Amino acid sequence: MSRSQNEEFQQWWNKQRNRDHDGGGGGGDDEAFLTVEIRTPAVDPTDKDRIRTRTLRQLSRLYLLRLKQLASSSVWIASSFLHLLRTANRRIANDNPPSSTSSARLYRLIKAFLVVVVLLLCFELAAYFKGWHFTPPSVASAEAAVEVAYAWWLEIRASYLAPPLQSLTNVCIVLFLIQSVDRLVLVLGCFWIKLRRIKPVAAMEYPAKPVGEGIRLEDYPMVLVQIPMCNEKEVYQQSIGAVCMLDWPKERMLIQILDDSSELDVQVLIKAEVQKWQQRGVRIVYRHRLIRTGYKAGNLKAAMNCEYVKDYEFVAIFDADFQPPAEFLKKTVPHFKGREDLALVQTRWAFVNKDENLLTRLQNINLSFHFEVEQQVNGVFINFFGFNGTAGVWRIKALEDCGGWLERTTVEDMDIAVRAHLCGWKFIYLNDVKCLCELPESYEAYKKQQYRWHSGPMQLFRLCFMDILRSKVSVGKKANMIFLFFLLRKLILPFYSFTLFCVILPLTMFFPEANLPSWVVCYIPGIMSILNIIPAPRSFPFIVPYLLFENTMSVTKFGAMISGLFKFGSSYEWVVTKKLGRSSEADLIAYAESGSLVESTNIQRSSSDSGLTELSKLGAAKKAGKTKRNRLYRTEIALAFILLAASVRSLLSAQGIHFYFLLFQGLTFVIVGLDLIGEQGEVAEKKGFHDDDLSLLWS
């Protein structure tokens, strides 16, 4: 509309408005047009009563319908909630066996702590809405009973509770800083190794071409290869196949399959696999113990007692899910030549399923740091580190010199490494030789593995402490083994991680007189996480989940450490880590066919046919009646509620960093407690028990 048209419309509108105000002016038609009269038709009084009655009846029906919907919804919610509680109770009961006494004790303590935290939160919320946070009442000025109680609570808290809490906080901060310095020194040592390109150098090298005719057998020492296994039907083929493909003269190598399986069908399959490779000319034997005592150590000890072992100089050990490369022995055995004091050559692990899910990615960060930094630095500078239990070659004379395999702990690998070091033997770590293996893909399997890895060292520390003091090694080596190897990295680390972030931090929210600095909560842990993730640079996007998950795992590691230190019964329980066989046998055959090893050993694809039909039938039978489901972990869920309650309390005090840390850490505990990380476990619903709990107890 143009400007002139707007002016004309405004003039017309003003004229009409003035005419209406004047009340006249010969515009009857205009007034009829501009004024609209709305009249309500007259209604008979009897009709009014009838309409009112009908309206009330309709409203009553409407309200009854809404009430019925509300009642049905309430019944559905109540039944669903009861079903959820029954399911949670059943799953919690199944996932916390009575034998785990230390876990039960820890859970009872955490549950009592949760009750205290909830009561304190209710008390603080009431005080906040009363305004007592801004003007704290004193005992003298308080009037109401609740106000007097809160005033007394403030005095008791400030005078008697906060000081010891602050002292414990300071102790944990000191331990935290010591451990952080140790971690920093290890990283600097790794940088120095990379900068100077330091690596073990063998006195000789074997030719890269496959072993064939025209070689001198005297140049190849006698090597014994052992694969201990127990009910591991998913991975036995790939490990046996990989070991049988090792590039070493068959006259100078013997493979022992040490089967402790309790399932008869698995024994039959492994025997068939061994016979298949025997027919191909591989020197391989099958051993099965009737009396299966001592776990893995008992299995290895029984194998070393065979009469023919005296003819061999070295022994290579692989777990059932490990697949060594064909040149493994060619790259490890030469390091023993000319070094009569060398007992062990340890190689690095590589993971076929490191990118399978978030859980495996986080495990890869930890283990990459362990091998790239810890093992490498200790191997280069002090020639000692913990044997990883697999993917290593031992000098048999060193094993015999330190007493052989002992059945006294669940960490037989660390046990024999400590005793060999105390006898003066040295170790070498090869970071560039890698053996493929699997990571646990479910939280249940990972938790059981970590429990054993952290309870066993404390068992061993109790047993060998006096032996360390009485040994003839130097004072520096004794101090390194006691204070660094055992106390700092095996005891102090899980202690302060759990105590500082799961106990002290929530308590300081309810006891503000005790202060936990922000740099302890956020900045130093962030820096340490960056250092840990450097060996796995592709994992940098997962740095925050890694930090939160490590704090979540501290409760499992702390419970395991306490269990091993105080000899609780569950610390001697061995549960084989569940494997899924991610690297199939077809992958191994393809790997073998890529080189010329197949030509020399005449291994054909048809050699893998034996037992595959039986294995597929067995797998189908095992999966019948199984479903995948999330499990509930009551300890983690209880800690989640504690941290979330503390985050609410920190919000009242406007503590920003503490609030966000507690919130996200609490949510992480919820995710882990509901088993929403990693692969869900399989359960045999028709049988009413967990299949892996039945067969994987190695006792």
Side-chain angles (χ1 to χ4, degrees), residues 200 202-204 206 217-229 239 243-244 246-258 260 282-287 289 294-319 322 324 328-347 379 383-409 411-430 433 435:
M204 61 166 292
Y206 289 109
L217 293 179
E218 297 78 10
D219 295 337
Y220 294 83
M222 298 288 286
V223 178
L224 182 66
V225 180
Q226 296 177 332
I227 307 180
M229 58 180 60
S239 59
V243 169
C244 289
L246 288 174
D247 189 12
W248 200 256
K250 62 181 180 180
E251 299 88 351
R252 313 292 288 178
M253 179 178 69
L254 175 65
I255 301 172
Q256 287 181 319
I257 305 302
L258 311 178
D260 260 6
V282 178
R283 298 181 67 230
I284 180 172
V285 296
Y286 174 86
R287 285 181 53 84
R289 294 191 299 162
Y295 308 127
K296 181 180 176 181
N299 198 5
L300 293 171
K301 181 179 179 180
M304 295 299 294
N305 289 333
C306 294
E307 183 66 23
Y308 53 78
V309 173
K310 66 179 185 296
D311 299 329
Y312 294 84
E313 187 176 356
F314 304 105
V315 56
I317 303 173
F318 302 99
D319 281 348
F322 275 72
F328 178 85
L329 293 178
K330 282 187 173 182
K331 290 186 176 181
T332 54
V333 173
H335 289 274
F336 289 97
K337 186 175 180 59
R339 301 192 59 175
E340 297 301 322
D341 60 345
L342 182 62
L344 168 67
V345 175
Q346 174 71 57
T347 62
N383 295 120
F384 168 71
F385 46 81
F387 174 45
N388 294 116
T390 178
V393 180
W394 277 91
R395 188 188 297 271
I396 295 181
K397 181 182 177 181
L399 293 178
E400 297 172 346
D401 183 47
C402 64
W405 298 102
L406 298 182
E407 307 167 7
R408 57 183 182 172
T409 71
V411 283
E412 74 295 325
D413 45 7
M414 184 181 294
D415 186 2
I416 201 165
V418 168
R419 286 185 283 115
H421 183 61
L422 295 179
C423 292
W425 293 94
K426 295 182 179 180
F427 304 162
I428 279 180
Y429 172 72
L430 302 180
V433 181
C435 284

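Note that the structure is a prediction, hence the values are computed from the model and not measured. Basis for what follows: all heavy atoms, side chains included, without hydrogens, waters or symmetry-related copies.
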Looking at Ala202 and His335, what are the two nearest heavy atoms and their distance?
N-CE1, 3.6 Å

Between Arg395 and Phe314, is there a donor-acceptor pair closer than 3.5 Å when you use the side chain of the first and the backbone of the second?
no

From Gln226 atom CD to Arg287 atom CZ, the distance as rounded to the nearest 0.5 Å
9.5 Å

Looking at the rings of Tyr220 and Tyr206, which for Trp means the six-membered one, are their centres under 6.0 Å apart?
yes

Arg419 and Trp425: side chain to side chain contact (heavy atoms under 4.5 Å, CB included), yes or no, with the steps?
CA-CA 9 Å; Arg419 286 185 283 115; Trp425 293 94; over 6 Å; no

For the backbone of Tyr295 and the side chain of Asn299, can you confirm whether one donor and one acceptor N or O come within less than 3.5 Å of each other?
no

Is a donor on one side and an acceptor on the other found under 3.5 Å between the side chain of Arg289 and the backbone of Leu258?
no

Check whether Gln346 reaches the backbone of Asn388 with its side chain - one donor and one acceptor, N or O, closer than 3.5 Å.
yes

Considering non-hydrogen atoms only, spot the tightest contact between Glu412 and Leu406 and give its length.
CB-O, 4.1 Å

Which word best sums up how the rings of His421 and Phe384 line up, parallel for under 30°, tilted for 30 to 60°, or perpendicular for over 60°?
parallel

Would Lys296 and Asp260 pass as an ion pair if we require N to O under 4.0 Å?
no

Would you say the ring centroid of Phe328 lies under 6.0 angstrom from that of Trp248?
no

So, are Glu340 and Lys397 salt-bridged, with charged N and O less than 4.0 Å apart?
no

Once rounded to the nearest 0.5 Å, what's the spacing between atom CG of Leu342 and atom NZ of Lys426?
9.5 Å

For Ser239 and Phe322, indicate whether the former's side chain and the latter's backbone hold a donor-acceptor pair under 3.5 Å.
no

One pair to check against side chain to side chain contact (heavy atoms under 4.5 Å, CB included): Val315 and Trp394. What are the steps and the verdict?
CA-CA 5 Å; Val315 56; Trp394 277 91; 3.8 Å; yes

